[in-house]
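One structure is given here, and the rest of the page talks about it.
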There are 2 protein chains.
Amino acid sequence: MSQHRHGSTPGEAGGVPAFPDLPEATIARLPEYLRALHHLAETGAETVSSEGLAAAAGVNSAKLRKDLSHLGSYGTRGVGYDVTLLVDQIEYILGLDKNRAVCLVGVGNLGHALAGYAGFASRGFRVVALFDADPKKVGERINGLTVQHIDELDRVAAEESIAIGVIATPPGTAQAVADALVAAGVTSILNFAPGVLAVPPNVDVRKVDLAIELQILSFHEHRKASLTALPGGRTAEADNQEAVGS
Amino acid sequence: MSQHRHGSTPGEAGGVPAFPDLPEATIARLPEYLRALHHLAETGAETVSSEGLAAAAGVNSAKLRKDLSHLGSYGTRGVGYDVTLLVDQIEYILGLDKNRAVCLVGVGNLGHALAGYAGFASRGFRVVALFDADPKKVGERINGLTVQHIDELDRVAAEESIAIGVIATPPGTAQAVADALVAAGVTSILNFAPGVLAVPPNVDVRKVDLAIELQILSFHEHRKASLTALPGGRTAEADNQEAVGS
DNA sequence: CGCGATTTGTGCACGCCTTCACAAGCGCCT
DNA sequence: AGGCGCTTGTGAAGGCGTGCACAAATCGCG
């Protein structure tokens, strides 16, 4: 979904298969599997069946098996998957063994919260720099980091070899920030500002728009409401069954 | 994607077509079109071509036309789409003409920011109540709202007829909060806590996991890095062309 | 050592979504 | 009025993803 292009694996003469050509849909689920696996590891489980892991991750077991099969055979028939082995494997695939450096631009309402978000550090990322264009914000200390002026981005990005940037600015300045990030060598951007970013083809952008999520929910509310008001439609429950796992 | 089930439109005896049975993929894009349209309206445009709107929304023009065709014929051949008409139509479909009431549970790091997020109010949502289980947080005023204890949820939800709830608590308490929301009559949940929520089939859940977004980007970083290090792979650019719009 | 229970890995079919390509429709200009 | 250029709406094809159902593989037990 959204702005992404990849694939092809051009050269691929012969030798190392370089990188398993995983489907995007699978990649998007791997982090969820990983989280579930970590949870299982904490409870002391050594192996999991596809059924068990699928339930913990909220997906179909067949889908999970197919996903895992794409990264090789790390399960044992009749037994299940070795939890720690699978954790290591997924973390390797996702490149989380590098403890990647991330910078955040825009220390406003949302940016402030993201800078202090514990979930980043605990899942393989270090927020190593905060930037803002507002001189009044520069110098402020958040969670052990000092906010620097956006003009420092180039220098800091090089020093800390930052490859991932997070944009949490108002919509109007998002594109300019994205350009600055790209110029500083950042090749992956997580964008919280509404709107479409134009970036070179080698840069990946993922967008999180909080209002859009609510609007999608609003649609379903609207839909559900119109169903209950319908002559044939009863109370909207008794609609459609499906287990939800765990 | 993720935990959703709908469709079927059971009764549907005869009469009003009730609700256009839009594909999920289309619904997910409508908010983006809407944002682009609002932007265009501000610049004074009265009509847009599918090409123009598609560029502003970052999608293929054919896809945009097909999406819009699902909600009826609101374009004029040879001219384009009437901006204000299309805005009204999409807002109606998304149910945004109701100015929906939203409550937020968990006024921690992230919740605090969400409570003050301007993007909600400006796009059809009113945050009408904040809840937290921590007595120390109760009574705190954020953005004109007073944090209430989670035990008040039932009463307040009924008074304000809240149908959408946002969970911004730590992972451990998310399920309990979800249960409380459902018990209070909430039928749509936006969940920021990592993990899978179990809810009745008539309740819609959308999940936003910030760490997962970064992990997906991390994968692409890993992939790009392994390509550049490859014998045949040059500098990772010159890979695959595709315009990025706007 | 063999058998049954269990669980993975996958071939296959189906459905959804995307994309192309073009006919139908509309307005404008002459 | 007629023709021309532009744009929508959509039929059809192709690709991707999902889920079923089952063969292959492994373990444990008698």
Side-chain angles (χ1 to χ4, degrees), chain A residues 1-8 20-30 32-33 37 45-83 85-86 89 240-243 245, chain B residues 1-9 20-30 32-33 37 40 45-83 85-86 89 240-243 245:
Chain A
M1 61 231 58
S2 71
Q3 1 176 343
H4 287 276
R5 85 246 54 89
H6 305 111
S8 71
D21 210 353
L22 302 177
E24 272 294 316
T26 296
I27 297 160
R29 282 187 293 266
L30 288 182
E32 194 67 48
Y33 301 157
L37 284 166
E46 296 200 355
T47 62
V48 230
S49 68
S50 64
E51 201 83 34
L53 182 53
V59 300
N60 185 301
S61 71
K63 183 152 45 182
L64 177 117
R65 285 199 299 277
K66 184 149 293 186
D67 282 342
L68 295 187
S69 77
H70 283 132
L71 27 123
S73 280
Y74 294 102
T76 313
R77 295 172 193 235
V79 178
Y81 299 92
D82 182 294
V83 173
L85 176 62
L86 204 48
Q89 196 53 225
N240 195 326
Q241 285 286 38
E242 180 171 316
Chain B
M1 63 224 61
S2 72
Q3 3 176 340
H4 289 274
R5 84 243 56 88
H6 307 110
S8 70
T9 319
D21 211 352
L22 302 177
E24 272 295 316
T26 295
I27 297 160
R29 283 187 294 265
L30 288 182
E32 194 67 47
Y33 300 155
L37 284 166
L40 284 168
E46 295 200 353
T47 61
V48 231
S49 68
S50 65
E51 201 82 34
L53 182 52
V59 300
N60 186 301
S61 70
K63 181 151 49 180
L64 175 112
R65 286 199 300 278
K66 183 145 289 188
D67 282 342
L68 294 187
S69 77
H70 283 132
L71 27 122
S73 280
Y74 295 102
T76 313
R77 294 171 194 239
V79 178
Y81 299 91
D82 183 294
V83 173
L85 176 63
L86 204 48
Q89 196 53 225
N240 195 328
Q241 284 288 35
E242 180 169 316

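Because the structure is a prediction, the values reported are computed rather than measured. Hydrogens, waters and symmetry mates play no part in the numbers below; they use all other heavy atoms, side chains included. Residue numbering restarts at 1 for every chain, and letters A, B, ... go by the order of the sequence lines.
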Please give, in whole Å, the distance from [N] [atom2] to [X] [atom1]?
{"X": "B/Asp21", "N": "C/dG15", "atom1": "CG", "atom2": "C1'", "answer": "14 Å"}
{"X": "B/Asp82", "N": "D/dT7", "atom1": "CG", "atom2": "C1'", "answer": "15 Å"}
{"X": "B/Glu51", "N": "C/dC20", "atom1": "CD", "atom2": "P", "answer": "11 Å"}
{"X": "A/Gln89", "N": "C/dT8", "atom1": "CD", "atom2": "P", "answer": "17 Å"}
{"X": "A/Tyr81", "N": "D/dA25", "atom1": "OH", "atom2": "P", "answer": "16 Å"}

[N], OP1 or OP2 - any side-chain N/O from [X] closer than 4.0 Å?
{"X": "B/Tyr74", "N": "D/dT7", "answer": "no"}
{"X": "A/Ser73", "N": "C/dG9", "answer": "yes"}
{"X": "A/Asn60", "N": "D/dG17", "answer": "no"}
{"X": "A/Ser50", "N": "C/dT8", "answer": "yes"}

Atom pairs under 3.5 Å, N or O on each side, protein against nucleotides 26-30 of chain D: can you list them with distances?
from, atom 1, to, atom 2, distance (Å)
D/dT26, O4', A/Arg77, O, 3.4

Under a 4.5 Å cut-off applied to non-hydrogen side-chain atoms, are A/His70 and A/Leu22 in contact? yes
For residues B/Leu53 and B/Val83, determine if any side-chain heavy atom of one lies less than 4.5 Å from a side-chain heavy atom of the other. no
Take A/Leu71 and A/Leu30 through the side chain to side chain contact (heavy atoms under 4.5 Å, CB included) test and state the conclusion after the steps. CA-CA 10 Å; A/Leu71 27 123; A/Leu30 288 182; 3.8 Å; yes
Scan residues 51-68 of chain A for pairs that pass salt bridge (Lys or Arg N to Asp or Glu O under 4.0 Å), counting only residues two or more places apart or in two chains. A/Arg29-A/Asp67
Candidates D/dG9, C/dT19, D/dG19 - which lies nearest the side chain of A/Ala62: D/dG19
Side-chain atoms of A/Glu24 come closest, of D/dG17, C/dC17, D/dG9, to D/dG17
Summary of side chain to side chain donor-acceptor pair (under 3.5 Å) pairs that have at least one residue in residues 73-82 of chain A, sequence neighbours excluded: A/Tyr74-A/Gln89, A/Asp82-A/Thr84
Tell me, please, which residues at least two apart from B/Ala54 pass side chain to side chain contact (heavy atoms under 4.5 Å, CB included). B/Val59, B/Ser61, B/Leu64
Inter-residue atom distance A/Leu86.CG - A/Leu37.CG, 0.5 Å rounding: 5.0 Å
Near-strand residues of residues 63-71 of chain B, defined as heavy-atom separation under 4.0 angstrom from DNA chain C: B/Lys63, B/Arg65, B/Lys66
